[in-house]
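Counting starts at 1 for both ligands and their atoms, in listed order. These figures come from a predicted structure and were not determined experimentally. Throughout, residue positions are numbered sequentially from 1 according to the sequence presented.
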Amino acid sequence: MSGLAALCLLLLQTGAFGFGINLFNIFRGDSLIHEDITERAILNVTAQVCRALALAEGKDFTFPPLTPNAVAAACEASKSSKSFCKAIKLIQENNRGVDMFRFYLPPFHFDDETFSEGRNIITDGLSAVKASNKRENFEAAREQLGKILHPLQDFYSHSNWVEIGNKLPNSNLIRSLTSIGNIAAESRATCRNCNGDDCSNNILDDILREKILTSGYFNFVPFFSTKPKGKCSHGGGFDRTSNIEPKGGINKDTFGSSHGYLHMTAANMAIAATSELLEDIRGAAGDKTFLQMMGISKGKALCFVIDTTGSMGDDIDAVKTVTSSIINTKVGTEDEPPVYILVPFNDPDFGPLIRTTDPNVFKRAINALSAAGGGDLPELSLSGLQLALTGAPPNSEIFLFTDAPAKDLYLKSTVIALIERTKSVVNFMITNILGFRRRKRSDDSQEQEQQNIRMVTSDAQVYKDLAQASGGLAIQVTKSELLMATSIITESSSSSLVTLVQASRSPGKAENFTFTVDESVRNLTVYITGRSVTFILISPSGVSQESTNTTGSLITASHSVGNFMTLQLKTQAGQWEIKMVSTNPYILKVVGESSIDFLFNFLEESQGPLGGFDVVNNRPRSGVNGSLIVTVIGSDSARVTEVILVASSGSGEVTGSVEALGGGDFLARFDRIPAEEFVVLVKGQNSNSSSRASSVIFQRQSSTNIRASTVTVTSPNSNSVLVPGTPLSVPFSVMTNGEGGNFTIQATNDKGFNSTFPSNLILETGGSANGTVNLTAPSNTPSGTVVTLTVEAVAPGSTDTNYVVLRFTVLKTVTDFNSPVCQLLSLQSNCSDNCISSMWELSVQVTDGAEGTGVNRLSLRQGNGTLNTSLAAGNENITLVSYNASCCSPDVELLVVDGVGNVASCFYSILKTTPTATSSPQATTNSPSPTAVAVVSLSNRAAQSLFLCLGITILGINLPMGNN
Ligand SMILES: *[C@@H]1O[C@H](CO)[C@@H](O)[C@H](O)[C@H]1NC(C)=O
Ligand SMILES: *[C@@H]1O[C@H](CO)[C@@H](O)[C@H](O)[C@H]1NC(C)=O
Ligand SMILES: *[C@@H]1O[C@H](CO)[C@@H](O)[C@H](O)[C@H]1NC(C)=O
Ligand SMILES: *[C@@H]1O[C@H](CO)[C@@H](O)[C@H](O)[C@H]1NC(C)=O
Ligand SMILES: [Ca+2]
Ligand SMILES: [Ca+2]
């Protein structure tokens, strides 16, 4: 079936599985789909968080239009538009994936009255999101979040929650062990036949009157579909149960659905419910962590992978110097790294990964490194790199320092898979090629002094290959040159770095490269690695200059160290040219700083009955046609005009046809995906609002080199929560478009957890085979640990390979479902009419109950007084809170979080008003104080609306205790 036919089929029959799943919003009319609902809620809550933080710092905040670019800008983090967009897309993709992979399972959609099962999916997943966030494993948190938003949103479309008159979301869908509502008994009839096509009156009157909760039955299997007597159906062409009496359906997925007249009501309630769930995650995580989960941060992660074996003393010193310099120059600026990552490797050990947001913690970790051990010459560099790639945010720039060959070469393909999946760039800082290796003699080991051992050029090949695959550089310098080389490359690294052109030639050859520089580009820089590489630069105005000419006007600064050369070019918009003269091998990279960039993903026609497209998260199919979705970042007016797949070797290119999908998304279709390695080149126009006439042409290139494959590896149905000590079966399938034979399987995880898997699978030509990886986390693994599993299938002859990368969150079974409880001890005030000169104070004790996980975090969501906490003498399970504030700040709202992320909100006020708020099932506050002051416990929602009306102060306090 052609893509368009699939889309049309989808369009005609949409509505079977939730708020539409069509990736291509161009065809979906005005209906809201899961992507819209998800994005609107994320943008709303993210903006609310930034507003709260801004107001707390005494800044003004103008609520932005709800686009990713505008919200990132309002959060003063314009440079994180890309990571914000990427986070939203990942959440949307996982939401959509539930329809692609789990549409047979009713609880994922609240079909078939599976209310408590559906709620369990949400609450279990929510625990995993909170646990992942607590350990700053944000990618895993995003994936999990997407998966639970799907059933949450479907509830409002597939149940009769809206029909029975509810005006607010069902808060108990995100709380375990609470009542979801008055659920229809199995035997109770809920619907009558529709009146022909008119289903507006098909729910039975007694169901509506008694507010009985039901949902539509759904089955797409022809002839064999059944449903219990008298029950409502989902409705729509795909649902075979809707032809069984009572006929018709009740879903509100689109305007055209059986209950399409309620589509907007249901969709808006789904947005509100999504906002509510995000608020709960925010409460558990704290505002700053919540923003990090959403990819909003200033600057870009600083990530070092360092060989710490005996000969690395000088290199480690260079890293120490560079780290302090980066921290000294970037902290407090827009380029301050939001997170610092360090992975040491040695032999036989590597890791652990150290990840911190505190520059001083990072400095201490780096300064604690020393060079020792390592045994024989090769070291575990790829194991270290694997950890960095799985632990760093996607699109990171990673620096690896070593002077030795890799001992763990079997990980090369896994590392390439992770590079392709994360689109991170890896730069190798290699010292000592052909030099001497000094090893300190360590007294208590048998280690021999190793002299005169050389890392030969061929040993560095794996590093060059990995650098090239990721769009990074393999810089080879002497130990004395390392500091300079590292300073140049790390200090120029900015979170808004974009690639204009990049090429790698080995052997080198004379070749001319042209590239367009647009007006948004600053700090235009050329990086080259290679020996004695010479070229001629030609500027847009036709001035030419040799690379060796340092007095000309085009090159404003240049450095050359080892095999690494960098030139700062005069910033001039227009078409530039670089003519390579020398014929030595080289990597050429032209970068600049700009807010305009792009994201891309390959798509393939879905194999599911709904048609449409799936995102390809591994290598796309080679030799056949294919599609790419490109999203422009950093400008709401930029338009993509050309998308080109350029062979990395320079031997050819394939140009796609481009179609705008709205919202910054563009679809590019290609007749053929190249069989050889390639990069994605995007050209477009950014209509400049200041000078309307001149629309400005821009070009950007992917840094990652992409390979296509005739092999496909998928793992659709695996559960993403791993219970420590319990093996998890992860099914996977391998398919081939090409020759059959014996396919080698390799399953690797970054945490060294035990796993079993078939070492090979036999496939017929054009056939497929299934396998299972059994993965076990040791029983003492902390909750929130994330393990990344890479399953690779290598075709016979090792000529072709593909993989699937899966993330699992380790989560001990949660038994604490109760929020902490606040109890008022005293409230004293001497407030007079002149509030400025009077104070009030409050004393509260907070506990999480005997069975609880303890009070883990306490913060102020409202009130700008002073908060102090301490543990009760003799009882560590009781936290004493004292708060005092000016009488001008009459309210206080405490947010109390336990060890598993249950959030309580405790509200106190000195205003003598009658409490009208409802009591949340869990955030309860004890009886009012004898001073007859209103002490109110609010549900989250009431608290939020209050919080919207008043000025607020956020003051996060991390408590040291908490027996989580
Ligand atoms: C936006 O989020 C706030 C909470 O952060 C919530 O109260 C409000 O209902 C949300 N708006 C919509 C339209 O969902
Ligand atoms: C980049 O450009 C800005 C001004 O646009 C300048 O302040 C900064 O020093 C430049 N950075 C580098 C590494 O040249
Ligand atoms: C590069 O351009 C020059 C003209 O400026 C031309 O003479 C030369 O053949 C070109 N080189 C290649 C490899 O195309
Ligand atoms: C260097 O380039 C400039 C033009 O940018 C030119 O005027 C000058 O003659 C060149 N110098 C040498 C030594 O080639
Ligand atoms: Ca070794
Ligand atoms: Ca608890």
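- Interface of N549 with ligand 4, defined as ligand atoms under 4.0 Å from a residue heavy atom, comprises 1 (C), 2 (O), 3 (C), 8 (C), 10 (C), 11 (N), 12 (C), 14 (O).
- Near E279, with a cut-off below 4.0 Å to any heavy atom, the atoms of ligand 1 are 4 (C), 5 (O).
- Counting the atoms of ligand 1 from 1 in the order shown, those under 4.0 Å from a heavy atom of A272 are 14 (O).
- Counting only residues at least two apart or on different chains, the salt bridge (charged side-chain N to carboxylate O under 4.0 Å, His left out) pairs with a member in residues 85-94 are K89-D665.
- Considering backbone and side-chain atoms alike, N44 places an N or O below 3.5 Å from some N or O of ligand 1.
- Ligand-side atoms of ligand 1 in range of Q48: 1 (C), 2 (O), 3 (C), 5 (O), range being under 4.0 angstrom from any heavy atom.
- Residues satisfying the side-chain contact (heavy atoms from CB on, under 4.5 Å) criterion with N69, sequence neighbours excluded, are T67, S81, I633, D636.
- Considering only non-hydrogen atoms, atom 13 (C) of ligand 1 lies nearest to I271 out of I271, T274, I37.
- Salt-bridge annotation for D280 and K130: present, with a side-chain N of the basic residue lying under 4.0 Å from a carboxylate O of the acidic one.
- Taking all heavy atoms of A47, S275, A270 into account, the minimum distance to atom 14 (O) of ligand 1 is reached by S275.
- With sequence neighbours excluded, the residues satisfying side-chain contact (heavy atoms from CB on, under 4.5 Å) with A41 are I271, T274, S275, L278.
- Looking at S257 and N251, their side chains do bring a donor and an acceptor atom within 3.5 Å of each other.
- Side-chain contact of E143 with T809: a donor-acceptor pair under 3.5 Å is absent, judged by distance alone.
- Protein heavy atom closest to atom 5 (O) of ligand 4, with residue, atom name and distance, is Q545 OE1, 3.4 Å.
- Summary of contacts: the protein heavy atom closest to atom 4 (C) of ligand 4 is S544 O, 4.0 Å.
- No side-chain N or O of T847 forms a donor-acceptor pair with one of N877 less than 3.5 Å apart.
- Protein atoms that are N, O or S and lie under 3.0 Å from the Ca ion (ligand 6) are these: D816 OD1, D816 OD2, N818 O, D848 OD1, D848 OD2, D898 OD2.
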